[in-house]
Number of protein chains: 2
Amino acid sequence: MQIQGIQKILREKGLKVTPQRVAILGALHEMHNHPTAEMIIEHIRETYPNIAMGTVYNILETFVRHGIVNKVNTDEDAMHYDGVTSMHHHLYSPETGQIEDYMDEQLNKMLTDYFQEKNITNFEIEKISLQIKGKFINN
Amino acid sequence: MQIQGIQKILREKGLKVTPQRVAILGALHEMHNHPTAEMIIEHIRETYPNIAMGTVYNILETFVRHGIVNKVNTDEDAMHYDGVTSMHHHLYSPETGQIEDYMDEQLNKMLTDYFQEKNITNFEIEKISLQIKGKFINN
DNA sequence: GTATGTGCAAACTTTTTGCACTTCG
DNA sequence: CGAAGTGCAAAAAGTTTGCACATAC
């Protein structure tokens, strides 16, 4: 995605367009490996050497609040982040920490239909995602 | 579950039966609210006043390694733990932090069948679980 | 110009670690 | 008795916060 696309996303949410925000959201869209805050900083430090830790955490939290970034929960301490907000799932290996997107429209439809019909009474569903735990093979 | 049942679980895994382990596994089986390490300590402190933090973390890690306890990943910092190891899912509200079990045999079968047929090539599945994010209603 | 955002460092929270002592089998 | 487990306290890792300064709009 070009920088204009990033800026548009921010403006549409009423967020001020700052170089830090553009860099972080850009990084999340390039990286595709569900980085931690630490990994994001490392990635953007080349083009943005003096960004502050606290700023990165603040910005990520803002993005999550506005729904343009999602948290990816794992068994590890550090939080991982995901720039892809459309419905998808994750393959996850607790041993190596590797996380891969698992996109599957057929599965999405199956789950959406299932819960539409099921209609859980005391809960309003906002988002459904599968965590598929296991091992990556020869990789 | 009585104390004998807890001891049996530990012995079957080749783990030494210590009062600390019995207390923690017992707590996890009573609690049903996916407690953090902190919450577990608070819960067992009545009957076990001088258990050490480090011991609780060590024991939980041992249990997870032996598959008798699972980690429950959320958007929060602190890890949550679950004494139920059979296939099930979670309703989760990021706003309040509340986590509830969602048990559904029909869903389990649907998912298991789906992935059996699908056969992802580069990944060996060990465990599938849905995180259903949203809001609990009047509760 | 003003509300909002950022840098920085300190503080806080959660988890891990090292080592002496203890306990289970 | 010996291997494994525990207590404790210090340290590490991850995240949040407060405040002065800077910037987007």
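Everything numeric in this text was worked out from a predicted model, so none of it was measured. Residue numbers begin at 1 in each chain, while the letters A, B, ... track the order of the sequences.
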K.L.:
Roughly, in whole Å, what's the span from OH in B:Tyr57 to P in D:dG7?
P.N.:
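After rounding, the gap between these two atoms is 15 Å.
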K.L.:
Just the rounded figure in Å: distance from C1' of D:dA22 to CG of A:Asn58.
P.N.:
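Going from A:Asn58 (CG) to D:dA22 (C1'), I get 15 Å.
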K.L.:
For D:dG7, take OP1 and OP2 only and decide whether either is under 4.0 Å from a side-chain N or O of B:Gln20.
P.N.:
yes
K.L.:
With a 4.0 angstrom cut-off to heavy atoms of chain A, pull out the first and last contacting nucleotide of DNA chain C, in 5'-to-3' order.
P.N.:
C:dA3 to C:dT15
K.L.:
Counting neighbours of CD on A:Glu126 that are heavy atoms of other residues, nucleotides or ligands and sit closer than 6.0 Å, is the number greater than 12?
P.N.:
yes
K.L.:
Once you round it to whole Å, what is the distance between P of D:dT23 and NZ of A:Lys16?
P.N.:
12 Å
K.L.:
If Ile, Leu, Val, Met, Phe, Trp and Tyr residues are connected whenever their side-chain heavy atoms lie under 4.5 Å apart, and connections chain through other members, are A:Tyr57 and A:Met79 in the same group?
P.N.:
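Yes.
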K.L.:
Without swapping roles, check the side chain of A:Thr112 against the backbone of A:Asn108 for a donor-acceptor pair under 3.5 Å.
P.N.:
yes
K.L.:
Would you mind reading off the distance between B:Tyr48 atom OH and D:dG5 atom C1', rounded to a whole angstrom?
P.N.:
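So the OH-C1' distance, B:Tyr48 to D:dG5, works out to 11 Å.
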K.L.:
Answer with base, sugar-phosphate or nothing: what part of the nucleic acid does B:Asn50 contact at a heavy-atom distance below 4.0 Å?
P.N.:
sugar-phosphate
K.L.:
Rounded to the nearest angstrom, tell me the gap between atom CD1 in A:Ile41 and atom C1' in D:dT15.
P.N.:
11 Å
K.L.:
Which is more 5' along DNA chain D, the nucleotide nearest A:Lys71 or the one nearest A:Pro19? Just name the residue.
P.N.:
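The residue whose closest nucleotide sits nearer the 5' end is A:Lys71.
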K.L.:
Is it possible for you to say whether B:Ile132 and A:Met87 belong to one hydrophobic cluster, with membership spreading through side-chain heavy-atom contacts below 4.5 Å?
P.N.:
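Yes, same cluster.
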K.L.:
Grab the CG-P distance between B:Asp75 and D:dT15 for me, whole Å please.
P.N.:
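To the nearest whole Å, that distance equals 12 Å.
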K.L.:
Testing the basics here: between B:Thr85 and B:Val69, what is the closest heavy-atom pair and its distance to 0.1 Å?
P.N.:
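Heavy atoms only, the tightest pair is CG2-N, 4.0 Å.
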K.L.:
For DNA chain C, whose closest nucleotide is more 5', that of B:Thr55 or that of B:Thr18?
P.N.:
B:Thr55
K.L.:
To the nearest Å, give me how far apart CG (B:Leu15) and C1' (D:dA4) are.
P.N.:
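Computing the B:Leu15:CG to D:dA4:C1' distance gives 11 Å.
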K.L.:
Given atom CD1 of A:Ile59 and atom P of D:dT15, what is their separation to the nearest angstrom?
P.N.:
15 Å
K.L.:
Nearest nucleotide by nearest heavy atom, which residue falls closer to the 5' end of DNA chain D, B:Asp77 or B:Arg21?
P.N.:
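This one resolves to B:Arg21.
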K.L.:
Determine whether a donor-acceptor pair (N or O, by modelled atom type, separation under 3.5 Å) exists between the side chain of B:Asp101 and the backbone of B:Met103.
P.N.:
no
K.L.:
Could you tell me whether the side chain of A:His66 and the main chain of A:Thr62 form a donor-acceptor pair under 3.5 Å?
P.N.:
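A pair under 3.5 Å: yes.
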